[in-house]
Amino acid sequence: MSAKPARVRVAPSPTGDPHVGTAYMALFNKALADTTGGQFILRIEDTDRTRYVADSEAQIFEALAWLALTPHEGPHKGGPCAPYRQSERLPMYKEAADTLLRHGKAYKCYCTSERLETLRKIQQAEKAKLLGYDGLCRSLSEAEIAANDAAGKPCVVRLKMPREGDIEVHDFFRGVLKFIAAEQQDAVLLKSDGFPTYHLANIVDDHAMGITHVIRAEEWIPSTPLHFELYRAFGWDAPVFAHMPLLRNKDKSKISKRKNPTSLLWYRDAGFLPEALRNFLGLMGFSLPNDQEIFTYDEFLRHFDLAKVNIGGPIFDLQKLHWLNGEYIRKLPHAELEKRLVEQAKLLMHREREFADLPEDQLPQETFLRDFETKRRQRSRVLGALAPELMTSYEVNPQLLAPIIPLIQERMHTLVEAADYLPMFFTREFAYTPEDFIQKKHTLDDAKKALAAAREMLAGSDLEHPDWLTRMDEQSRAKAEQLGMKIGPYLGPVRMAITGSRVSPPLMESIRVLGKEEALRRIDAAINALAQG
RNA sequence: GGCCCCUUCAUCUAAUGGUUAGGAUACUGCCCUUUCAAGGCAGCGAUACGGGUUCGAAUCCCGUAGGGGUCACCA
């Protein structure tokens, strides 16, 4: 493919749940590394101590591993540029800041956050065109600086941005972007707590780690002139910057928790397959030849070309992901789906509280998502509760679960949807009422007749016979006709008796899984219930 | 508001100066069908607007409109 091996990175900050945008950037970065024989690096940008969340880093790594977007280098596995956690690289930033100070490219600023706050308020009140730091400390004399330091005044280090002319930055997709130097402000590089800001740390590390391409979100464009100036101040060559489009909510705003699930953990809990989500992310801003929409990572790589990325911001359409996930589920070998279902149930076990129904006012506004989320919670509870039985069945009695898989596979779009079909195979009692047996345009009496007829038919049949399904089909039709019913209404009450629901996997196949004895018992239970009701 | 970015069906996108503007999701209808799915077929549906350039513009240029991002000692 491309010429030189690219060294790329994804640089999330551990401030909360692993974000779908991180996975999106990881995918495109990794793709560039893999198509050029380069390396994909995970760097943890933990320079904000106030927002730091302890679990977050582990979750980020776990989520990337789940998606098979594992980095070649990172805090978990080390590498030639270790450490990969910025909090462990503090001396480098300090030294870099000192260098800039020494060369007069940066200056110490003693302004308090109170002054900055009032400054901002005044600027807003005046509707000033330029908001931001006024550069007061830029002109401090050496004596003043010494006096401030002697007095132990806290300070930050700011970059001296040029005050005249244009700053030209280059973006891989957009070409040259021009910014007016005078409109840029002197950004903070080192905070008063001694930690670097993102701006400093990211440049120092990208340079130290030999990063060749910075593929990051479009929201970084406004600070790119600052980053170019930093490279210039250090005398380093800047990498290629490629600003990817932002993933969007339905209303086109930047994807956000309130309007769209953003946590990768949510997608895993909801039963999306990692390969489906990764495929879907690959569809955001990119397409394969011949309208191919379903592809493996290898196929993606075969066609990947950074230059072909579409930079219009794509809306993250959960409904399409839902469809795609169903496609992936249907493609899974039975044994694999079985394994994943058990794993999913295990994942959801003992978490009922998390999946409690959401109060009306906390439900998402958008209709598809609202409905999805409501059902997802219900199903998660059901599947989690079923976990012990599924695990036992999988490990101790595999011949029980295995035949169920083909019956439910083509009905599912997410793994948790199995909760709609699985319980009937593990429950012996159903909470139905006589009304549940009444079919459209039919009476309770019809239902009773259908149950009796079906019982007789089933009792006299041999479930082991290879033609059993065909025979049941033929006999059902004949019996239905004899009773003056269509096959649907005829089997409806039987379905309710056997599965406890009007909706179920194919009836006869389900009966075969349950076995004759259990099936007859269920029909008898229903007959009894109707007789008493 | 200043600066910057973006703009093909509702949504994801294809078409890199010549196509009846293609595919997919969603939606609708029909078929299949033992419920629900899945599947098959069909329908609906877009080049934001206005100027240029050109024999010819979704495609190149300018303007307008709309949308988005960003303006922290957060990333």
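To find a chain, count down the sequence lines: A is the first, B the second, and so on, and within it residues start at 1.
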Exercise for the section: Answer yes or no: is there a donor N or O on one side and an acceptor on the other, between the side chain of Gln409(A) and the main chain of Ile329(A), under 3.5 Å? Expected result: yes
Exercise for the section: Kindly say whether the aromatic ring centers of His303(A) and Phe286(A) come within a distance under 6.0 Å. Expected result: no
Return the polar atom pairs (N/O with N/O) between nucleotides 19-21 of chain B and the protein under 3.5 Å, or none.
none

Exercise for the section: Respond yes when some side-chain nitrogen or oxygen of His413(A) is under 4.0 Å from OP1 or OP2 of A38(B), and no when none is. Expected result: yes
Handout entry: Short side-chain N/O contact to G39(B) OP1/OP2 from Arg330(A), under 4.0 Å
Key = yes
What pairs of nitrogen or oxygen atoms, one from the protein and one from nucleotides 10-16 of chain B, lie under 3.5 Å apart?
residue: C12(B); atom: OP1; partner: Ile315(A); partner atom: N; Å: 2.8
residue: C12(B); atom: O2'; partner: Leu283(A); partner atom: O; Å: 3.2
residue: C12(B); atom: O2; partner: Lys320(A); partner atom: NZ; Å: 3.4
residue: U13(B); atom: OP1; partner: Gly285(A); partner atom: N; Å: 2.3
residue: A14(B); atom: OP1; partner: Ser287(A); partner atom: OG; Å: 3.3
residue: A14(B); atom: OP2; partner: Asn310(A); partner atom: ND2; Å: 3.1

Exercise for the section: Among A38(B), A24(B), C6(B), find the nucleotide with the atom closest to the side chain of Trp323(A). Expected result: A24(B)
Practice task
From the options C74(B), C27(B), G69(B), select the nucleotide whose nearest atom is closest to the side chain of Arg51(A).
Solution key: C74(B)
Practice task
Kindly state which residues belonging to residues 14-23 of chain A come within less than 4.0 angstrom of RNA chain B, counting heavy atoms of the residue only, listed by number.
Solution key: none
Handout entry: Whole-Å gap separating P (A75(B)) and CG (Asp206(A))
Key = 15 Å
Handout entry: Value in whole Å for how far the C1' atom of C3(B) lies from CG of Leu177(A)
Key = 11 Å
Identify each atom pair where a protein N or O and an N or O of nucleotides 70-73 of chain B are less than 3.5 Å apart, giving names and distance.
residue: U70(B); atom: OP1; partner: Glu219(A); partner atom: OE1; Å: 3.3
residue: U70(B); atom: OP1; partner: Lys254(A); partner atom: NZ; Å: 2.6
residue: C73(B); atom: O2; partner: Ser192(A); partner atom: N; Å: 2.8
residue: C73(B); atom: O2; partner: Ser192(A); partner atom: OG; Å: 2.8
residue: C73(B); atom: N3; partner: Ser192(A); partner atom: OG; Å: 3.0
residue: C73(B); atom: N4; partner: Cys111(A); partner atom: O; Å: 3.4

Exercise for the section: Treat primed atoms plus P, OP1 and OP2 as sugar-phosphate and everything else as base, then score nucleotides 43-49 of chain B 5' to 3': B for base contact with protein heavy atoms under 4.0 Å, S for sugar-phosphate contact only, - for none. Expected result: -------
Handout entry: Which residues share a side-chain contact (heavy atoms from CB on, under 4.5 Å) with Ala31(A), sequence neighbours left out
Key = Tyr297(A), Phe300(A), Leu301(A), Phe304(A)
Practice task
Applying ring-ring contact (aromatic ring centres under 6.0 Å, His included) between His227(A) and each of His207(A), His199(A), His243(A), report the one that passes.
Solution key: His199(A)
